[in-house]
*Asks:* 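Pasting a structure here, questions to come.
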Amino acid sequence: MKQNKVNKIDYELLQKIQINESNVNLSWVLKFPNSHQLQSSIQYMAFIDLHIEIQKYDIQGACHIIINNQIEFPYLQIAEGMLIFQKSKCLFLCDCIVEKQKFLCHQSQLFLIKITNNQGHLILVFAHPVSSREWFKILKLSAKQNNFLQKYRIQQVIMTNIFSVLQRRKNKKYVAQIIKKRDIHDQDQYEIINNYIKILRSGKIINYYPVLSIFEDNESISIITYQFVGTTFETLLLSAQTIIPQSDLAFIIYSVLQSLRSLQEEELFHGYVCLENIIMANVLGSLQVYLINSNYKPYNQNNLDFYLNFIPKYLVAPEILSQQNVPSVKSDIYQLGIIFLLVSFYTQGQTFNRQHISKMYQSRKELIKQQETNFQKCKDSDFPNLFSACQLDLIKKMTENDPDKRISVNDALKHAWFINTRDKLKSQKIQSMNKNLPSLKTIIEMVEQSEQDIRRKSFQVSNVQLKKNKLECATSIQQFEHSPFHQQQDANSLVKSQESQNEIIDEEHEISNLIYQLNNKQYHMMPSQLGHIIQDKNQYRLKQAKNHLSQFQD
């Protein structure tokens with residue numbers, strides 16, 4: 001799922017205002033004693049030289065800044081999460097907090113945007129409120145804000161650290177992932193959280209939820225996204241009254257694999273694929289799987305100890321445990337394979353405590369071999385979430401100890417288990433569709449009953465018009481005598497035959513209409529997703545609806 005929030009900007013209006021901004025003289029501001037509130041400490045901010053070429057800018061223009069009691073009018077641009085200063089230096093906005101302010105002085109006021117990081121602050125000064133508003137709309141997409149509790153009210157807990165919140169001004173519901181700073185114990189964790197936010201901000205990773213805005217204060221970091229109702233994979237398993245259908249399990253695993261492939265394309269990895277970090281969300285009536293809390297950090301042999309101490313041992317790939325390699329999508333595949341194994345061999349009533357996980361992890365090879373024997377003997381597995389030998393094959397390939405032999409994310413997405421599950425689901429839909437069709441006997445009885453009604457009506461009309469059509473009938477009789485179907489018949493029988501022929505023609509026309517109406521009636525009675533009826537050379541057949549299982553297709 002790739003989704004970025006796009007703000008519409010009236011560039012024509014902004015250009016006109018920009019001209020007005022350039023003509024404003026702010027020298028009078030420096031005479032006020034509180035003018036220090038407008039001073040920027042830009043000389044202390046970590047601007048870096050820009051060595052890349054930008055193709056598209058979110059917004060660009062000039063604004064006033066005051067440095068050392070001197071007013072400047074530099075050219076600023078925003079692109080790819082950077083504030084570009086004078087086309088040569090840039091500032092990464094993800095490390096900054098942005099806020100709107102006003103400067104009041106007698107009868108006049110100025111509109112300010114304050115950009116702050118841990119080294120200093122930059123204050124953009126605007127004379128027109130529209131300029132301030134448009135720039136702030138773009139800045140807040142990449143930078144953080146610091147007034148979360150002023151804008152939102154926390155309503156209820158959805159799951160651990162994820163809450164339903166209400167926007168106070170618009171009275172709209174959203175979801176916030178709130179990370180308490182007291183839970184961040186060292187710089188490595190803070191770096192991981194910042195990397196996680198940057199990944200979310202990029203909007204390039206499939207099945208990472210889209211970020212609308214991010215807030216940070218002294219106590220917490222809050223990530224705002226669209227409203228959804230959801231639960232973790234672990235909670236789903238523990239609360240399920242029945243087994244998870246094969247199609248649902250395949251959809252969840254496939255969705256996580258899509259995320260891993262998307263991370264791999266960006267040369268990233270997740271680092272901590274576990275039951276708690278896989279979320280099933282109901283978004284506007286459709287199921288969406290989100291992968292949260294990535295543990296990305298450029299690890300090396302020197303800082304690998306942090307990863308080994310932070311990640312549970314059963315989720316650490318063998319090549320990392322032996323410190324022969326560093327985390328990557330290959331180790332993510334191993335983690336997902338272990339989760340897949342735990343879910344497949346889960347039975348109701350169990351809890352995912354340390355003892356159960358350790359027991360399953362240590363005996364996984366024996367469990368897999370035992371269930372393979374069952375499938376070879378054409379028996380069902382001993383576990384409700386284990387459906388086939390093909391499923392076992394995928395688990396084995398994902399949990400392979402040798403990273404070079406472990407299945408790749410692309411090959412995993414093409415595995416036969418997903419294909420078989422999709423085909424099985426198609427077959428179930430067709431069977432369900434056929435059950436909803438009226439029987440052939442019922443359709444024939446309806447048509448025959450209608451034929452009798454049509455004949456009765458046709459005979460009544462023919463008897464009334466018989467006397468009026470004698471001359472026409474006589475002419476028709478002469479023609480009809482040469483018909484190869486009827487020869488050597490007397491006048492009365494020929495008249496009756498002509499009447500019957502006319503009745504048959506009328507009946508065929510009426511019956512055709514009736515069949516068409518019956519099929520239309522049958523079409524409207526059937527569920528739309530099961531199929532639709534089409535006409536092919538005056539015959540009617542059922543056409544299977546288009547398959548919508550996009551989650552099992554590349």
*Asks:* What do you reckon, is CD of Q301 surrounded by more than 12 foreign heavy atoms closer than 6.0 Å?
*Replies:* yes

*Asks:* Within a reach of under 6.0 Å around NZ of K151, are more than 12 heavy atoms found that belong to other residues, nucleotides or ligands?
*Replies:*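 Yes - once you tally the heavy atoms of other residues, nucleotides and ligands closer than 6.0 Å, there are more than 12.
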
*Asks:* Do you see a donor-acceptor pair shorter than 3.5 Å between the side chains of Y296 and E191?
*Replies:* no

*Asks:* Do K87 and Y75 form a cation-pi contact, if we require the NZ or CZ to be under 6.0 Å from the six-membered ring centre and within 45 degrees of the ring's axis?
*Replies:*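 Here K87 passes the 6.0 Å and 45° test against Y75.
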
*Asks:* In terms of side-chain heavy atoms, does Q167 have a donor or acceptor partner in K173 at a distance below 3.5 Å?
*Replies:* no

*Asks:* Tell me, with the steps shown, if E219 and K181 meet salt bridge (Lys or Arg N to Asp or Glu O under 4.0 Å).
*Replies:* CA-CA 5 Å; E219 296 183 354; K181 286 190 173 180; over 6 Å; no

*Asks:* Side chains of E276 and T232: any donor to acceptor distance under 3.5 Å?
*Replies:*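 Short answer, no.
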
*Asks:* Looking only at side-chain N and O atoms, does H270 offer a donor or acceptor that is under 3.5 Å from a partner on N277?
*Replies:* no

*Asks:* If we count only N and O atoms by modelled type, under 3.5 Å, do the side chains of D217 and N146 hold a donor and an acceptor together?
*Replies:* no

*Asks:* Is a side-chain donor-acceptor pair under 3.5 Å present for E99 with N147?
*Replies:* no

*Asks:* Got more than 12 heavy atoms from elsewhere within 6.0 Å of CG, D411?
*Replies:* yes

*Asks:* Return yes if a side-chain donor-acceptor contact under 3.5 Å exists between E319 and S331, otherwise no.
*Replies:* no

*Asks:* Would you tell me whether D382 and N374 have side-chain atoms, one donor and one acceptor, within less than 3.5 Å of each other?
*Replies:*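 Checked: D382/N374 side chains pair up, N/O donor to acceptor below 3.5 Å.
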
*Asks:* When rounded to the nearest 0.5 angstrom, what distance separates OG1 in T225 from OH in Y208?
*Replies:*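 So the OG1 of T225 and the OH of Y208 are separated by 14.0 Å.
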
